[in-house]
Amino acid sequence: MAAGGAPPRGSAAAAANLRRRRTTSAGAAGGAGGNMLQFYTDDAPGLKISPNVVLVMSIGFIAFVAILHVIGKLYLVPKGSA
């Protein structure tokens with residue numbers, strides 16, 4: 001009755017099949033999480049920068065741009081606009 005030759009719902013074979021699928025999908029999810037760690041290993045290509053350095057550089061860049069905006073507002077005002 002079931003399509004694809006699957007065991008009928010509620011049977012012991014269906015429960016075993018579901019259990020087998022859950023363990024393999026959980027293993028695949030763990031493997032995908034392991035691949036994310038590749039970015040932080042020595043084998044990964046590219047520049048090695050810690051997340052803290054990226055955070056400090058980003059905040060520094062934002063502060064630099066804000067200071068440039070303040071300097072532009074204070075010192076680069078045309079003389080005749082007052």
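Residues: numbered from 1 along the sequence shown. The figures here come from the full heavy-atom set of this structure, side chains too, leaving out hydrogens, waters and symmetry mates.
- Partner of V70 under the side chain to side chain contact (heavy atoms under 4.5 Å, CB included) criterion, chosen from L74, I67, L68: L74.
- Residue M57 is grouped with residue V54 when hydrophobic side chains (ILVMFWY) are merged at heavy-atom distances under 4.5 angstrom, including chains of intermediate members.
- In terms of hydrophobic clustering, with Ile, Leu, Val, Met, Phe, Trp and Tyr side chains grouped at heavy-atom distances under 4.5 Å, V56 and I59 are assigned to different clusters.
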